[in-house]
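Per chain, numbering begins at 1; letters A, B, ... match sequence-line order.
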2 protein chains.
Amino acid sequence: MDTALRLADAEGLDAVSMRRLARELDVSPMSLYSYFEAKNDLVRAMLDVVSRGLGPADVTDGDWSEHLAEMGRRMRAAILEHPRLAQLFVTAPALGGRAMYVVEDMIGALRSKGVPGETALRAVYAVTAYAIGFVAQEVPRRDRGDTASRQEALASLPGDRFPNLVELAELAAGFASDEQFESGLTALIAGYAGGSPAQ
Amino acid sequence: MDTALRLADAEGLDAVSMRRLARELDVSPMSLYSYFEAKNDLVRAMLDVVSRGLGPADVTDGDWSEHLAEMGRRMRAAILEHPRLAQLFVTAPALGGRAMYVVEDMIGALRSKGVPGETALRAVYAVTAYAIGFVAQEVPRRDRGDTASRQEALASLPGDRFPNLVELAELAAGFASDEQFESGLTALIAGYAGGSPAQ
DNA sequence: CTGTATATCGTACGCCGTACGGACTAAACA
DNA sequence: TGTTTAGTCCGTACGGCGTACGATATACAG
C-alpha cells in the first residue's frame with residue numbers, strides 16, 4: 001500500500017497498474033494477486049487508507065453547526081492530502097472505511113445536541129456532497145496554472161457572450177480556495193440552522 | 001457521437017474504446033483519428049454534448065434564489081440523463097461548453113437582481129459544487145439496489161459502533177433523492193440569501 | 001491530367017488485467 | 001520423522017487497449 005500510494009501521489013492514479021506496482025516492488029505482477037483478488041481491491045484499499053486520514057471528529061466544543069463545519073473541513077483536507085486520488089472519493093461506490101465512522105459520529109454528535117435524526121442525516125449528507133463536489137472542482141483547477149493565468153483565461157473569453165465572467169475575471173481568479181470553501185460551507189450549514197447569512 | 005453516447009449509456013464509459021466504437025460503426029479503429037486527435041478529445045466531445053443538455057437558464061420570474069435553485073436542479077437533471085457519464089463532470093478539468101454559458105447567464109441574472117458580483121460568483125460556485133457532489137454520491141447509490149436492500153445494509157452494521165446509523169437505517173434508506181437534493185439546495189441558497197431555514 | 005487534400009485502412013509496438021498451472025517454502029499434523 | 005497443507009511467488013499466454021507510421025483510395029482544384 002505504501003508503494004502504491006507513493007506511486008499514485010507521484011505519477012497519478014493511472015500509473016498504478018498491477019504491472020507497474022509489481023515492478024516497483026521488484027516482484028512479479030501475478031504475485032500481487034496473493035493479496036488482492038483484483039485491481040479493484042487494491043484501489044479500494046488505497047481509498048480506505050486515504051479516508052483513514054479523516055480522523056475522528058473529536059471537536060466537542062461549540063454548537064452543532066461548528067461540528068458539522070469541522071467535518072466538512074476535515075473531509076476536504078483529507079482528500080487534498082492526496083489530490084491525485086480525489087477522483088476515487090467521487091467515483092467510489094460508497095463512502096466506506098473511515099468515512100463511515102465519521103458520518104456515524106457526526107450524526108451522533110448532532111443528535112446529542114438536540115438535532116432531530118432526520119435533519120442530522122440530511123445535513124450530514126448535504127455537507128458531504130458539498131465537500132466532495134467542491135474538491136472535485138478544486139483539484140483540476142489547482143493543477144491548471146496560477147491565479148494570473150486563470151484570470152487571463154477568463155478575461156479572454158468573448159466579451160459579447162460572457163460579459164459577466166470577463167468583467168469579474170480578476171475577482172474570480174483571485175478567490176482563495178479556502179475562503180470559497182468556507183463561504184459555501186457556512187451558507188449551507190446556516191441554511192440548516194436557520195441562522196445568519198454567509199458572507 | 002451518437003453511437004458513442006449510446007454505447008456509454010448502455011454499457012458504461014469503459015465500453016467506449018476506440019476499437020469498440022469503431023467496431024460499432026463498421027469502421028477501422030484508426031479511422032476515428034481523422035475526427036479526434038486522441039481518445040481524450042472524444043471523451044471531451046461526449047462531455048460537451050451532454051452538458052448541452054443543461055439548456056439555457058430561462059426562468060426569469062421569481063427572485064434570484066429561485067433562479068439559482070433552478071440552475072442547480074438543471075445541472076443535476078442534465079447529469080442524471082446520462083448517469084454513466086457522471087464521472088466525467090466530476091473528473092473534468094473544467095466546466096466547459098454549455099455549462100459555461102449557464103454559469104455566465106446565472107451570474108448575469110443574479111447581478112441584474114441586485115446581487116453583488118462577488119456573492120453571485122460564490123453562490124454559483126457553491127451550488128455547482130453541491131450539485132456535482134450530490135450526483136456523484138447519488139449515482140452509485142442508485143445502482144446499488146433498492147430501498148429495502150439499502151436499509152438492510154445499514155441496519156446490519158455493528159450496532160455497538162454504529163448505533164445512530166442502525167437506528168436511523170429505515171429513515172435514511174427511505175429518503176427520496178429528489179427531496180434530499182432539494183433539502184441541501186434550499187439550505188445552501190437560504191444561507192446565501194440569509195433567508196429562512198431549510199426543512 | 002496532375003497535384004493535393006481527405007478519409008480509410010493494415011500492421012505493429014508496448015501497455016494493460018488476469019486466468020491458469022507450476023514451483024518453492026514453511027507450518028501443522030501423523 | 002515424513003507427509004500434507006496452505007501460502008507465496010512466478011512464467012506464460014490471451015485478449016483487450018491507445019496510437020505511431022505508412023500505404024492506399026477517393027475527390028476535388030488548378
*Return no unless some side-chain N or O of B:S31 is found under 4.0 Å from OP1 or OP2 of C:dC9.*
yes
*Round to a whole Å and report the spacing from CG of A:L21 to C1' of C:dT18.*
15 Å
*Okay, side chain of A:S31, backbone of A:V27: is any donor-acceptor separation there less than 3.5 Å?*
no
*Mind calculating the distance between CG (A:L32) and P (C:dA19) to the nearest angstrom?*
14 Å
*Identify whether any heavy atom of B:Y35 sits under 4.0 Å from a base atom; if not, whether one sits that close to sugar-phosphate; answer base, sugar-phosphate or nothing.*
sugar-phosphate
_The side chain of A:S34 is closest to which nucleotide in this list: D:dT19, D:dT8, C:dT18?_
D:dT8
*If you pin A:V27 and A:R19 to their nearest nucleotides in DNA chain D, which one's is more 5'?*
A:V27
*Starting at atom CE of A:M18, determine the distance to atom P of D:dC10, rounded to an integer number of angstrom.*
14 Å
_Stepwise ring-ring contact (aromatic ring centres under 6.0 Å, His included) check, A:Y125 with B:F175_ = CA-CA 11 Å; A:Y125 195 98; B:F175 279 172; 8.1 Å; no
*Do A:E81 side-chain atoms and A:V50 backbone N/O form a donor-acceptor pair below 3.5 Å?*
no
*Can you tell me the distance, in whole Å, between the CG atom of B:D26 and the P atom of C:dT8?*
13 Å
*Mind calculating the distance between CE (A:M30) and C1' (D:dT12) to the nearest angstrom?*
10 Å
*So, the side chain of B:T91 versus the backbone of B:Q87: is there a donor-acceptor pair under 3.5 Å, distance only?*
yes
*For DNA chain C, whose closest nucleotide is more 5', that of A:E37 or that of A:R20?*
A:R20
*Rounded to the Å, how far apart are B:K39 NZ and C:dC16 P?*
16 Å
*Measure from CZ on A:R23 to P on D:dC10 and round the result to the nearest Å.*
14 Å
*For A:L42 and C:dC16, what is the distance between atoms CG and C1' respectively, to the nearest whole Å?*
14 Å
*Return the orientation label for the A:F181 and A:Y130 ring planes: parallel under 30°, perpendicular over 60°, tilted otherwise.*
parallel
*Report which part of the nucleic acid B:S17 touches: base, sugar-phosphate, or nothing (heavy-atom distance under 4.0 Å, all strands).*
sugar-phosphate
